[in-house]
> 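I'd like to ask you about the structure that follows.
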Amino acid sequence: MNAQKLSKRLEMVASFVPTGAIVADIGSDHAYLPCYLVHKGIASRAVAGEVVQGPYDSAVRQVRTEGLSDKIAVRLADGLAAVEEADSVTAVTIAGMGGPLIVSILEKHPEALKTVTRLILQPNIHAKAIREWAVQHGWALQDEVILEEDGKVYEVLVLQRGSMDLTEAQTLLGPKLMNTKSDVFVEKWSREVANWQRVQQAIASAEPTAENKAKSEELAHLIELVQEAIS
């Protein structure tokens, strides 16, 4: 992967960035995504934010090597603290983290989202946390994609400002992903059901405590929810 050729999951993230956007890529690592977006004429300007010194240094070198120092600001900062008011950022990308961590980044500096109209988020796990946050904070799902790369399953969630209501199943699985019901989606949740069933079996052979009973009932509910969605 480099600034000209992204991984499959980052290509998917890039595909949802509106043409002409001013992008803040949080947790930018080598700044491949913002460099790609500017090179392709998708982003007019970008901010690459990194909280760790090593990746920050890599991003600075990459942006300089690509000759994009005038278009991409690389900043060492915690999450959205990398975004300054003068940037007038219109789109934020956060990729390669767990859903709860992405949510904590969005919640820590909400003022940085003032001019933002689109969020493109790629959680490695627990996308449910992002959907819950979106419902509570006035963001609606524009699109969702699930894909597999190198044996790992990723989801990309595209949010625009707006309101939405989600059922319990939609919050867990994703309303658009449930409708599409792709092979990757069905395979992912079939594996999850199998894992839950193994845990249920272990609980059944363990001491019958109130806590174990509650856990088993919770798993039974989730299994029913998912099996109905993927059948």
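Everything quoted here is computed from the prediction, not taken from an experiment.
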> Would you tell me whether Glu66 and Gln62 have side-chain atoms, one donor and one acceptor, within less than 3.5 Å of each other?
yes
> Just to verify, what does His221 make a ring-ring contact (aromatic ring centres under 6.0 Å, His included) with, not counting sequence neighbours?
none
> Please determine if Arg191 and Glu187 form a salt bridge, counting it only when a charged side-chain N lies under 4.0 Å from a carboxylate O.
yes
> Taking the side chain as C-beta and beyond, is there a heavy-atom pair between Leu119 and Val158 under 4.5 Å?
no
> Checking side-chain contact (heavy atoms from CB on, under 4.5 Å) against Val153, which of Ile146, Ile125, Asn124 comes through?
Ile146
> Side chains of Leu33 and Ser28: closer than 4.5 Å at any heavy-atom pair?
no
> Rounded at 0.5 Å granularity, tell me how far NZ in Lys5 sits from CG in Leu10.
11.5 Å
> Check Glu85 with Lys114, please: is the shortest side-chain N to carboxylate O separation under 4.0 Å?
yes
> What residues form a side chain to side chain contact (heavy atoms under 4.5 Å, CB included) with Ala81, not counting sequence neighbours?
Ala77, His109
> Within a strict 4.5 Å, meaning less than it, do heavy atoms of the Ser58 and Asp29 side chains meet?
no
> Counting only heavy atoms not in Glu211, do more than 12 sit closer than 6.0 Å to its CD atom?
no
> With rounding to the nearest 0.5 angstrom, report the CD to CG distance, Glu144 to Leu177.
4.0 Å
> Would you call the rings of Trp139 and Trp133 parallel, tilted or perpendicular, taking 30° and 60° as the class edges?
parallel
> Kindly write out the residues that satisfy side chain to side chain contact (heavy atoms under 4.5 Å, CB included) with Lys215, not counting sequence neighbours, or none if the list is empty.
Ile203, Glu218, Leu219
> Would the number of heavy atoms belonging to other residues, nucleotides or ligands and lying under 6.0 Å from CD of Glu228 be above 12?
no
> Using the rule given for side chain to side chain contact (heavy atoms under 4.5 Å, CB included), can you reason through Val60 versus Tyr56, listing the C-alpha separation, both sets of side-chain angles and the distance that settles it, and then say yes or no?
CA-CA 6 Å; Val60 170; Tyr56 164 78; 3.7 Å; yes
